[in-house]
Trainee: 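One structure coming up, written as structure tokens, with questions to follow.
All chains are named by letter (A, B, ...) in the order of the sequence lines, taking the proteins before the strands, and each is independently numbered beginning at 1.
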Amino acid sequence: MNQKVRVRFAPSPTGGLHLGGVRTVLYNYLFARSLGGDFVLRIEDTDQSRFVPGAEEYILQCLQWCGLEPDEGPQKPGLYGPYRQSERKALGFYQRHAEALIQKGHAYYAFDTPTELEQMRAAYKTPENPSPQYDHRLRGSMKNSLALPAEETRQLLDAGTPYVIRIKVDPDETIGFTDLIRGDVHFNTSQIDDKVLLKADGMPTYHLAVVVDDFLMKITHAFRGEEWLPSAPVHLLLWRWLFGEENMPRWAHLPLILKPDGNGKLSKRDGDRLGFPVFAMNWSDPKTNELTKGFREMGFLPEAFVNMLAMLGWNDGSGREVFTLDELVGAFSLERVHKNGAKFDFEKARWFNHEWIRKEPVSKYKGLVKELFQQQGILAEGLPPHDKQGKPGGETVGGTGADAGADAGNAHGDLHFEKVLELVRERCTLLTDFVPQSSFFFKAPATLDTASVLPKWNEGKKRFFAQLVLQMELLHSWEAETLEKEFKEIAAADQIKPGDVLLPFRVMLVGGKFGPGVFEIATLLGQAETIRRIRHGLGVFN
RNA sequence: GGCCCGUUGGUCAAGCGGUUAAGACACCGGCCUCUCACGCCGGUUACGCGAGUUCGAUUCUCGCACGGGCUACCA
């Protein structure tokens, strides 16, 4: 009754970790945390043909990135190991239970070869029944221990003939269970086929493994995608015969995440096609070397990714959308999980990220942004950027302004770097946006948007900027307010509307028509660099 | 084909017998403004269809339609 809540995420190590997979983890996690339960990671590597090296480590890294780390798993064994099904198979966990089912008359040996199965399907296929099943109707005419004389079965077994073990589902019974999300669900056993439980290689299929492992690992609540609903009756039967239906975990079949356009469930292909990630992190297939982009590398904050996923199929009813993981733990309830699938909307995902970039302290992600700058060659570790550009040492202004502070590699530079991020963050949707939005702070623009300036460029403006440079050089304080005041005074003296020279000023500093307020920019740029850029701009425009 | 699940604006969704049917994203106007963004104001767009139950159905029931999932020695 009052047993401890235990949930599990049981992925197959076959490739990248899909959005839907992460959401399943998330709901598992939220449910377990909110009830003080355990969250277990179990690796379902029973299909050798689909096993991909590195996939397990990758999954773990994804969970770490998302902040959804399991309490137990292959790398953190608890009392219910091992946590890889291949290892559990080696211990005979599954074979034993499959045999037990045969003893009880609920399973049987089947010797049909893959070719024979194909032949059967071809032979019985009709327009009304396009996919004939190996079931109570057909098993009598197949090669199995139910149809064959006992003697022949023994001989086949003794001869080492490859076999599988199939569940024996008897017809005409209605079985059902109460799904935590969907309510009562019923099935008629006449529709259920004799699924393979143990494969010829001795590995269990998902059906046997999930039941045996959930029992052995004392799983109390099992979440999985809706695509599993049709096989739930098989699992229910297995529970009934093996461990008792009353011990079966409560099931919760989660709605699917669908393609944004058209219909069907979201696949990696859709992401490639529509230009957005589907995997949590970059995944490169070891066989094909094909690289698939992940949300992380695309510039998403894990907090935003998780938040977005949580809202895809659940909400707290209040209209609130932005939640931290801890807040989600507090607010989450299975009753409010939707039944219907949701089309994935990348725009909305971007919006969540934007919210999080604005919400989090920049210190939380400045390291990531710094890396992006370094990748682009805009910032080098430990080197003041302007020096790196080969400015003559003598020209370096000691102690004042941006030059001394632009080095993001030391404490002082760090502060400057944070100020820059602070200034541009609200126009960044993805972390990668910081590069185009603020690289001009560290590297003078390579080209200036002359098209926006030249048509209206004249002698008056030329004079104004020459005057501005002179005045700036005399300034002892370098703050946005005084700058703006100075700027406007010169304009007034020259009978120029400030609005007319603001845009050229901006273009000189950043290269184009974008960015935060010009005086804020100039402040962070520093006196020397600002003057330098104005001079350069004058050279270009004249 | 069969079985199962689902169906509120373009998308995510609130609603749980009586509402002018929330809100968010997107979109379209406007304001703010040195640019871009933010912010603010405003706008377009929805209960799949048909029966029933009821004084009254978006809400309950049943059909239909549509969408989705499954139908492997894959998970």
Side-chain angles (χ1 to χ4, degrees), chain A residues 10-12 14 44-47 49-50 110 112-114 117-118 121 125-134 162-166 179 181-182 185-188 190-193 195-207 209-210 224-233 253 255-256 258 260-265 308 311-322 338-352 354 358 424-429 433 437 449 452 484 487 497-507 510 512-519:
Chain A
S12 297
T14 54
E44 308 224 337
D45 56 349
T46 55
D47 186 356
S49 66
R50 297 211 311 161
D112 318 87
T113 64
L117 288 174
E118 263 176 54
R121 293 201 174 97
K125 187 174 172 179
T126 63
E128 298 77 44
N129 185 14
S131 43
Q133 296 188 317
Y134 200 121
Y163 67 87
V164 300
I165 294 179
R166 285 181 181 272
D179 188 274
I181 292 173
R182 272 145 232 287
V185 188
H186 297 281
F187 301 84
N188 190 300
S190 303
Q191 306 294 337
I192 303 166
D193 60 332
K195 291 254 182 271
V196 170
L197 300 178
L198 203 72
K199 303 186 244 186
D201 63 3
M203 283 284 193
T205 59
Y206 172 80
H207 307 295
V210 74
R224 60 184 3 175
E226 192 189 347
E227 72 268 28
W228 288 109
L229 202 45
S231 50
H253 288 90
L256 266 18
L258 278 12
D261 62 338
N263 300 303
K265 54 177 176 177
M308 175 272 291
M311 305 309 292
L312 213 54
W314 171 88
N315 67 76
D316 75 345
S318 73
R320 179 179 175 192
E321 296 189 280
V322 178
H338 304 149
K339 296 180 173 66
N340 50 318
K343 290 186 182 178
F344 178 64
D345 182 0
F346 187 56
E347 273 310 315
K348 187 77 186 221
R350 286 167 51 86
W351 176 80
F352 272 107
H354 189 203
R358 302 204 306 160
V424 303
R425 72 201 298 196
E426 71 184 23
R427 54 208 83 204
C428 295
T429 299
D433 292 337
Q437 285 297 334
D449 178 8
S452 311
E484 180 165 2
F487 189 95
K497 279 186 287 181
D500 289 340
V501 275
L502 244 8
L503 184 63
F505 188 29
R506 166 178 298 282
V507 173
V510 316
K513 298 187 343 181
F514 66 95
V518 270
F519 299 106

Trainee: What is the ring orientation for A:Trp228 with A:His207, classed by angle as parallel under 30°, tilted 30 to 60°, or perpendicular over 60°?
Mentor: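 Answer is perpendicular, since the angle exceeds 60°.
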
Trainee: How long is the straight-line distance from CG of A:Asp112 back to CD of A:Glu118, given to the nearest 0.5 Å?
Mentor: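 Taking CD in A:Glu118 and CG in A:Asp112, the distance rounds to 12.5 Å.
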
Trainee: Using both distances under 3.5 Å as the test, list the Watson-Crick or G-U wobble partner of B:C36, or none.
Mentor: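 Partner of B:C36: none found under 3.5 Å.
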
Trainee: Quote, to the nearest angstrom, the C1' distance that separates B:C31 from B:A37.
Mentor: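 The same atom, C1', in both gives a distance of 15 Å.
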
Trainee: On the ring face of A:Phe514, is A:Arg427 found with NZ or CZ under 6.0 Å from the centre and within 45° of the axis?
Mentor: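 No, a cation-pi geometry is absent between A:Arg427 and A:Phe514.
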
Trainee: Show the distances under 3.5 angstrom between N or O atoms of the protein and N or O atoms of nucleotides 7-10 of chain B.
Mentor:
none

Trainee: Under 3.5 Å, is there a donor-acceptor pair between the side chain of A:Thr14 and the main chain of A:Arg50?
Mentor: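 Checking the backbone N and O of A:Arg50 against the side chain of A:Thr14, no donor-acceptor pair under 3.5 Å is found.
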
Trainee: Closest approach to the side chain of A:Glu321, judged atom by atom: which nucleotide of B:C12, B:A24, B:G1 is it?
Mentor: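 My answer, after comparing the listed nucleotides, is B:A24.
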
Trainee: Just checking A:Pro130: base, sugar-phosphate only, or nothing, at a heavy-atom cut-off of under 4.0 Å?
Mentor: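 Base contact - A:Pro130 has a heavy atom under 4.0 Å of at least one base atom.
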
Trainee: Is it true that a side-chain atom of A:Arg121 and a backbone atom of A:Pro130 form a donor plus acceptor pair closer than 3.5 Å?
Mentor: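 No; zero donor-acceptor contacts below 3.5 Å.
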
Trainee: With a 3.5 angstrom cut-off on both distances, give the Watson-Crick or G-U wobble partner of B:C73, or none if there isn't one.
Mentor: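 Partner of B:C73: none.
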
Trainee: Considering only the P atoms, how many Å lie between B:C55 and B:A14, rounded to the nearest integer?
Mentor: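 B:C55 and B:A14 have their P atoms separated by 31 Å.
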
Trainee: Distance between the P atoms of B:C25 and B:C38, in whole angstroms?
Mentor: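 One P to the other, the span is 10 Å.
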
Trainee: What distance separates A:Leu229 CG from A:Ile181 CD1, expressed to the nearest 0.5 Å?
Mentor: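 Nearest 0.5 Å value for the CG-CD1 distance: 10.5 Å.
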
Trainee: Under 4.0 Å from OP1 or OP2 of B:A14: is there any side-chain N or O of A:Asn315 that close?
Mentor: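 For A:Asn315, the contact criterion (side-chain N or O under 4.0 Å from OP1 or OP2 of B:A14) is met.
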
Trainee: For A:Arg320 and B:C12, is the shortest distance between a side-chain N/O and OP1 or OP2 below 4.0 Å?
Mentor: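 Checking A:Arg320 against B:C12: no side-chain N or O falls below 4.0 Å of OP1 or OP2.
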
Trainee: Provide, to the nearest angstrom, the distance between the CZ atom belonging to A:Phe346 and the C1' atom belonging to B:C12.
Mentor: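 For the pair A:Phe346 CZ and B:C12 C1', the rounded distance is 16 Å.
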
Trainee: Would you call A:Phe344 and A:Met308 a side-chain contact if the rule is heavy atoms closer than 4.5 Å?
Mentor: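 Result yes, sub-4.5 Å side-chain heavy-atom pair found.
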
Trainee: Would you say the base of B:A26 and the side-chain of A:Lys348 have a donor-acceptor pair closer than 3.5 Å?
Mentor: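 Check fails, no donor-acceptor contact within cut-off.
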
Trainee: Does the protein touch nucleotides 68-75 of chain B at the base, only the backbone, or not at all? Give it as B, S and - per nucleotide, heavy atoms under 4.0 Å.
Mentor: SBSBSBBB

Trainee: Can you check the distance between B:G67 and B:U8, where both ends of the measurement are the C1' atom (answer in whole Å)?
Mentor: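 B:G67 and B:U8 have their C1' atoms separated by 15 Å.
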
Trainee: Check every strand shown and say whether A:Val507 touches a base, only sugar-phosphate, or nothing at a heavy-atom separation below 4.0 Å.
Mentor: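 Since no nucleic acid heavy atom lies under 4.0 Å of A:Val507, the category is nothing.
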
Trainee: Mind checking the C1' distance from B:U35 to B:G43? Whole angstroms is fine.
Mentor: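 That atom pair is separated by 27 Å.
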
Trainee: Using the test salt bridge (charged side-chain N to carboxylate O under 4.0 Å, His left out), find all partners of A:Arg425 that sit at least two apart in sequence or belong to another chain.
Mentor: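 Salt bridge (charged side-chain N to carboxylate O under 4.0 Å, His left out) list for A:Arg425, sorted by chain: A:Glu422.
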
Trainee: Base, sugar-phosphate, or nothing: which does A:Met203 touch, judged by heavy atoms less than 4.0 Å apart?
Mentor: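 A:Met203: no heavy atom of the nucleic acid under 4.0 Å.
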
Trainee: Quick check on RNA chain B: between A:His186 and A:Phe344, whose nearest nucleotide comes earlier from the 5' end?
Mentor: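 It is A:His186 whose nearest nucleotide is closer to the 5' end.
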
Trainee: Once salt bridge (charged side-chain N to carboxylate O under 4.0 Å, His left out) is applied, do any residues pair with A:Lys348, and if so which ones, sequence neighbours excluded?
Mentor: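 If we apply the salt bridge (charged side-chain N to carboxylate O under 4.0 Å, His left out) test to A:Lys348, skipping adjacent residues, the hits are A:Glu321.
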
Trainee: If I pick the P atom on B:A13 and the same atom on B:U7, what distance separates them, to the nearest angstrom?
Mentor: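 So the two P atoms sit 11 Å from each other.
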
Trainee: Partner of B:C66 by Watson-Crick or G-U wobble geometry, both contacts under 3.5 Å, or none?
Mentor: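 Its partner is B:G6.
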
Trainee: Indicate for each nucleotide in nucleotides 30-37 of chain B, in 5' to 3' sequence, whether protein heavy atoms under 4.0 Å reach the base (B), only the sugar-phosphate (S), or nothing (-).
Mentor: ----BBBB

Trainee: Apply salt bridge (charged side-chain N to carboxylate O under 4.0 Å, His left out) to A:Asp193 and list each qualifying residue two or more places apart in sequence or on a separate chain.
Mentor: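 Listed in chain order: A:Lys195.
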
Trainee: Given the P atoms of B:G23 and B:U44, what is the spacing between them in whole Å?
Mentor: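 Roughly 12 Å separates the two P atoms.
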
Trainee: If we take the C1' atom in both B:G30 and B:C66, what is their distance in whole Å?
Mentor: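 Going atom to atom, C1' in each nucleotide, I get 40 Å.
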
Trainee: Among A:Glu226, A:Arg224, A:Arg182, which residue meets the side-chain hydrogen bond (donor to acceptor under 3.5 Å, both in side chains) test with A:His253?
Mentor: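 Only one of A:Glu226, A:Arg224, A:Arg182 forms a side-chain hydrogen bond (donor to acceptor under 3.5 Å, both in side chains) with A:His253, namely A:Arg224.
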
Trainee: Does A:His338 put a side-chain nitrogen or oxygen below 4.0 Å from OP1 or OP2 of B:A13?
Mentor: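 Answer yes for this pair, as a side-chain N or O of A:His338 is under 4.0 Å from OP1 or OP2.
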
Trainee: Indicate yes or no: at least one non-hydrogen side-chain atom of A:Val501 is less than 4.5 angstrom from one of A:Phe487.
Mentor: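 Result yes, sub-4.5 Å side-chain heavy-atom pair found.
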
Trainee: Is any side-chain heavy atom of A:Met203 less than 4.5 Å from a side-chain heavy atom of A:Asp47?
Mentor: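 Not in contact.
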
Trainee: Is there a Watson-Crick or G-U wobble partner for B:A51 with both distances under 3.5 Å, and if so, which one is it?
Mentor: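 Answer to the pairing question: B:U61, which forms a Watson-Crick or G-U pair with B:A51.
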
